[in-house]
2 protein chains.
Amino acid sequence: MKLSTKTRYGTRILIELALQLNQGAIQVSKISSNQKIPVKYLEQILRTLKKAGIVKSVRGPKGGHLLAKDPGEIYLGQIVRLFEGQTDLVACVSSPEKCEMAADCLVRDAWHDATSVLYEKLDGISIADLINNNGSNNLAGCASL
Amino acid sequence: MKLSTKTRYGTRILIELALQLNQGAIQVSKISSNQKIPVKYLEQILRTLKKAGIVKSVRGPKGGHLLAKDPGEIYLGQIVRLFEGQTDLVACVSSPEKCEMAADCLVRDAWHDATSVLYEKLDGISIADLINNNGSNNLAGCASL
DNA sequence: ATTTACTATACTAAATTAGTATACATTTTT
DNA sequence: AAAAATGTATACTAATTTAGTATAGTAAAT
């Protein structure tokens with residue numbers, strides 16, 4: 001019932017990039033040391049984020065990674081869906097064929113409802129929210145981001 | 001991000017016992033065949049449920065297991081907490097020492113909030129609700145349970 | 001006594017997750 | 001054009017967790 005390190009690392013990477021929005025592309029080596037994520041593992045995670053259109057990269061010397069979207073438009077729900085192999089609390093929610101008892105299962109709807117509630121919450125929290133809530137003020141609309 | 005089989009099996013076992021409330025103690029062998037759970041694995045799960053005071057047992061011939069509480073007072077949240085080793089979405093929520101960066105982590109509060117929302121939902125669904133919602137009628141107060 | 005049931009713990013196998021290793025491709029600067 | 005710095009892709013391995021089995025009992029009703 002816990003999130004994978006890829007999801008957690010991915011989120012931290014996006015926060016790091018968001019905090020350095022005005023400083024051009026950030027090198028893998030820099031993110032790696034700041035976030036204490038092994039370089040090769042970090043590169044895998046960055047590739048996933050790139051494919052999803054959340055991050056873009058610049059090649060060559062002075063190259064690196066930067067956000068492809070506004071931090072206010074990147075939501076935790078999207079990140080979790082991207083990295084968690086199974087996004088439902090139980091497999092049968094989206095794949096009833098995985099359980100021969102799914103048809104008359106009394107709990108399945110309940111697991112589905114709980115999953116929904118969780119993602120509704122996660123879909124309501126953006127990277128910008130995380131940054132602005134530091135210090136407990138909600139400044140989600142802040143122009144500087 | 002998925003629930004363990006113990007949680008899912010545990011819930012199904014409780015539903016089975018709730019559906020047979022008036023029929024005395026139910027044998028392990030019977031639950032095992034109905035729910036397609038290996039006997040020895042089932043016994044482990046039943047023991048956990050017993051320790052938690054949700055199920056009680058009767059020994060000897062004609063013995064078996066039965067609910068120790070009203071189905072309306074057994075909530076999914078309790079079952080999930082009982083069987084999931086880590087009940088938070090991320091370990092640092094309840095154990096900040098597990099991450100050296102927890103103190104100034106911008107996401108930690110968000111993971112905590114999401115966890116809370118999930119359990120609030122699960123704590124609002126009882127075994128009786130599951131049984132009564134079969135057929136989409138909400139008869140949660142039904143006296144026969 | 002015997003049968004039928006529950007209890008406890010150690011162990012093993014399967015699956016998943018986390019992280020490494022190898023090899024290669026691209027782009028800017030000199 | 002070459003070199004240096006960076007990103008890309010995939011295969012593999014190690015660690016952890018989860019799921020399930022095996023063994024050896026104990027308790028109670030008939």
Side-chain angles (χ1 to χ4, degrees), chain A residues 1-13 17 24-33 35-68 80 82-91 98-99, chain B residues 1-13 17 24-33 35-52 54-66 68 80 82-91 98-99:
Chain A
M1 244 285 291
K2 64 176 186 181
L3 296 172
S4 66
T5 57
K6 283 188 178 177
T7 300
R8 291 183 287 113
Y9 287 179
T11 308
R12 272 162 46 190
I13 292 165
L17 295 179
I26 314 296
Q27 286 72 26
V28 165
S29 57
K30 187 175 177 189
I31 302 173
S32 171
S33 60
Q35 298 295 332
K36 301 185 174 50
I37 302 170
V39 168
K40 286 293 167 190
Y41 199 40
L42 174 57
E43 286 175 341
Q44 286 180 30
I45 298 168
L46 281 170
R47 221 173 311 130
T48 303
L49 290 169
K50 266 199 68 173
K51 277 183 188 161
I54 301 171
V55 160
K56 59 188 172 186
S57 63
V58 178
R59 296 192 153 194
K62 309 253 174 181
H65 287 83
L66 57 166
L67 291 188
V80 172
L82 197 55
F83 290 107
E84 298 298 316
Q86 177 180 322
T87 52
D88 295 299
L89 289 179
V90 299
K98 288 196 176 166
C99 176
Chain B
M1 244 286 294
K2 65 175 188 184
L3 296 173
S4 66
T5 58
K6 284 190 177 175
T7 300
R8 291 183 286 112
Y9 287 178
T11 308
R12 275 163 43 193
I13 292 165
L17 294 180
I26 314 298
Q27 287 71 24
V28 165
S29 58
K30 188 173 177 192
I31 303 174
S32 170
S33 61
Q35 298 296 331
K36 301 182 173 52
I37 302 171
V39 168
K40 286 290 166 191
Y41 199 38
L42 173 58
E43 287 175 340
Q44 286 179 30
I45 298 168
L46 281 170
R47 220 171 314 129
T48 302
L49 289 170
K50 267 199 66 174
K51 278 183 189 163
I54 301 172
V55 160
K56 58 188 173 187
S57 62
V58 177
R59 295 191 157 195
K62 310 255 178 181
H65 287 81
L66 56 166
V80 173
L82 197 54
F83 290 108
E84 299 297 317
Q86 177 181 319
T87 51
D88 295 299
L89 290 179
V90 298
K98 287 194 177 167
C99 177

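For the pair B:Lys56/B:Leu66, a side-chain contact is recorded, criterion being any heavy-atom separation below 4.5 Å from C-beta on. Put simply, the side chain of B:Arg12 does not reach to within 4.5 Å of the side chain of B:Ile31, judged on heavy atoms. Between A:Leu82 and A:Ile54 there is a side-chain heavy-atom pair separated by less than 4.5 Å.
When all heavy atoms of B:Gly63 and B:Gln27 are compared, the closest pair comes out as O-NE2, 2.6 Å.
Computed from coordinates, the A:Leu42 CG to D:dA9 P distance equals 15 Å when rounded to whole Å. Distance, A:Leu17 CG to D:dG7 C1': 14 Å, rounded to whole Å. The CG-C1' distance, from B:Leu66 to C:dC6, rounds to 13 Å in whole Å. When rounded to the nearest whole Å, the span between NZ of B:Lys56 and C1' of C:dA5 equals 18 Å. Remark: C1' of D:dG7 and CD1 of A:Ile31 are 12 Å apart, rounded to the nearest angstrom. One atom, CG of A:Leu46, and another, C1' of D:dT6, lie 12 Å apart when rounded to the nearest Å. To the nearest angstrom, P of D:dT6 lies 17 Å from CZ of A:Arg47. The CD1-P distance, from A:Ile26 to D:dG7, rounds to 11 Å in whole Å.
Here the NZ-CG distance, from B:Lys30 to B:Leu42, works out to 13.5 Å after rounding to the nearest 0.5 Å.
Taking side-chain N and O atoms only, A:Ser29 has no distance below 4.0 Å to OP1 or OP2 of D:dA5. At D:dT8, one or more side-chain N or O atoms of A:Ser57 fall inside 4.0 Å of OP1 or OP2 (strictly under the cut-off).
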Show which side-chain atoms of residues 4-11 of chain A pair as donor or acceptor with protein atoms under 3.5 Å away, not counting sequence neighbours.
{"residue": "A:Ser4", "atom": "OG", "partner": "A:Thr7", "partner atom": "N", "Å": "3.4"}
{"residue": "A:Ser4", "atom": "OG", "partner": "A:Thr7", "partner atom": "OG1", "Å": "3.3"}
{"residue": "A:Ser4", "atom": "OG", "partner": "A:Glu84", "partner atom": "OE2", "Å": "3.0"}
{"residue": "A:Thr5", "atom": "OG1", "partner": "A:Tyr41", "partner atom": "OH", "Å": "3.1"}
{"residue": "A:Thr7", "atom": "OG1", "partner": "A:Glu84", "partner atom": "OE2", "Å": "2.5"}
{"residue": "A:Thr11", "atom": "OG1", "partner": "A:Thr7", "partner atom": "O", "Å": "2.8"}

_What does the B/S/- profile of nucleotides 17-30 of chain D look like, 5' to 3', with a 4.0 Å heavy-atom cutoff to protein?_
--SBB-BB--SBS-

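A donor-acceptor pair is defined here as one N or O able to donate and one able to accept, closer than 3.5 Å; such a pair exists between the side chain of B:Ser32 and the backbone of B:Ile37.
Between A:Lys51 and A:Gly63, the residue anchored nearer the 5' end of DNA chain D, judged by the nucleotide with its closest heavy atom, is A:Gly63.
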